[in-house]
Amino acid sequence: TEQPEGHDEL
Amino acid sequence: MNIFRLAGDMTHLLSILVLLLKIYATKSCSGISRKTQELYAIVFMARYLDLFTDFISVYNTFMKLIFIASSLAIVWCMRFHPVVRRSYDRELDTFRYFFLVGASFALALVWHDKFTLQEVFWAFSIYLEAVAILPQLVLLQRSGNVDNLTGQYVFFLGAYRAFYILNWIYRYMTEPRFTRWIAGISGVVQTALYADFFYYYFISWKNNSKLKLPA
């Protein structure tokens with residue numbers, strides 16, 4: 001899935 | 001999660017613990033810019049709007065809560081704690097940070113991933129964090145000698161984003177189609193703003209002398 005930028009990082 | 005990002009998050013957490021230690025141990029916030037603390041509180045609240053909607057991991061949620069709670073607690077202490085608030089360098093902490101907030105939000109309206117409330121606020125938080133340290137750096141230049149804990153706080157706060165840059169390089173090399181242009185470019189700008197502080201911090205460490213930023 002194309003994760004929107006940055007949302008798995010703090 | 002890779003070692004660079006873990007090191008970045010731990011360094012960021014360490015910077016917050018050092019700041020809390022300084023305020024708690026010395027019951028003083030001299031040398032600390034309340035404006036930078038307020039900007040960081042805005043950064044975390046704007047970035048973590050997805051706190052209750054997107055669950056990534058226990059670690060992710062836990063750290064978001066820590067960052068939001070600690071930044072608000074520090075601002076509260078500097079504004080309302082009867083003892084701490086007296087040591088606030090009000091006349092030195094005069095950076096007109098409203099422009100930083102306005103410019104970051106304007107840029108987020110133009111450059112974002114998707115034009116949704118959450119994505120615009122996320123980009124806003126990224127741009128604002130890149131410049132949030134400016135009031136603190138200006139205060140350090142004006143307040144002459146810098147106490148050790150304050151110097152360590154700023155050092156770790158600058159170092160954490162440098163680890164994140166290594167994390168983005170690592171992910172770019174190991175994950176197909178990985179891009180983080182907004183966070184990456186802002187992160188480089190953010191870390192670059194610390195360049196002269198890192199230089200004088202290194203000099204003071206090498207000469208074992210007091211940290212002093214030229215006015």
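Computed from a predicted model, the values in this text were never measured in an experiment. In what follows, chains are A, B, ... by sequence order, proteins preceding strands, each numbered from 1.
The pair B:Arg180-A:Asp8 meets the salt-bridge criterion, with a side-chain N (NZ, NE, NH1 or NH2) lying under 4.0 Å from an Asp/Glu carboxylate O.
Taking the six-membered ring where the residue is Trp, the centroids of B:Phe67 and B:His12 are separated by under 6.0 Å. Aromatic ring centres of B:Trp168 and B:Tyr172 lie farther apart than the 6.0 Å criterion allows. In this structure, B:Phe155 has its ring center closer than 6.0 angstrom to the ring center of B:Phe198.
For B:Asn60, the parts lying under 4.5 angstrom from a heavy atom of chain A are both the backbone and the side chain.
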Under 3.5 Å, side-chain donor or acceptor atoms of residues 126-138 of chain B against the rest of the protein: list the pairs with distances, not counting sequence neighbours.
| unit_1 | atom_1 | unit_2 | atom_2 | d |
| --- | --- | --- | --- | --- |
| B:Tyr127 | OH | B:Trp111 | O | 2.8 |
| B:Glu129 | OE1 | B:Arg47 | NH1 | 3.1 |
| B:Glu129 | OE1 | B:Arg47 | NH2 | 2.7 |
| B:Glu129 | OE1 | B:Tyr160 | OH | 3.2 |
| B:Glu129 | OE2 | B:Tyr40 | OH | 3.2 |
| B:Glu129 | OE2 | B:Tyr160 | OH | 2.4 |
| B:Glu129 | OE2 | B:Gln190 | NE2 | 3.3 |
| B:Gln136 | OE1 | B:Ser33 | N | 2.8 |
| B:Gln136 | NE2 | B:Gly31 | O | 2.8 |

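Residues meeting the side-chain hydrogen bond (donor to acceptor under 3.5 Å, both in side chains) test with B:Tyr88, sequence neighbours left out: B:Asp93. For B:Asn2, the side-chain hydrogen bond (donor to acceptor under 3.5 Å, both in side chains) partners at least two apart in sequence or on another chain are B:Asn167.
Inspection of non-hydrogen atoms places no residue of residues 96-109 of chain B under 4.5 Å from chain A.
Ranked by heavy-atom pairs shorter than 4.5 Å toward chain A, the options B:Arg5, B:Gln118, B:Met63 are led by B:Arg5. Between chain A and the residues B:Phe178, B:Tyr59, B:Tyr164, B:Phe44, the most heavy-atom pairs under 4.5 angstrom are made by B:Tyr164.
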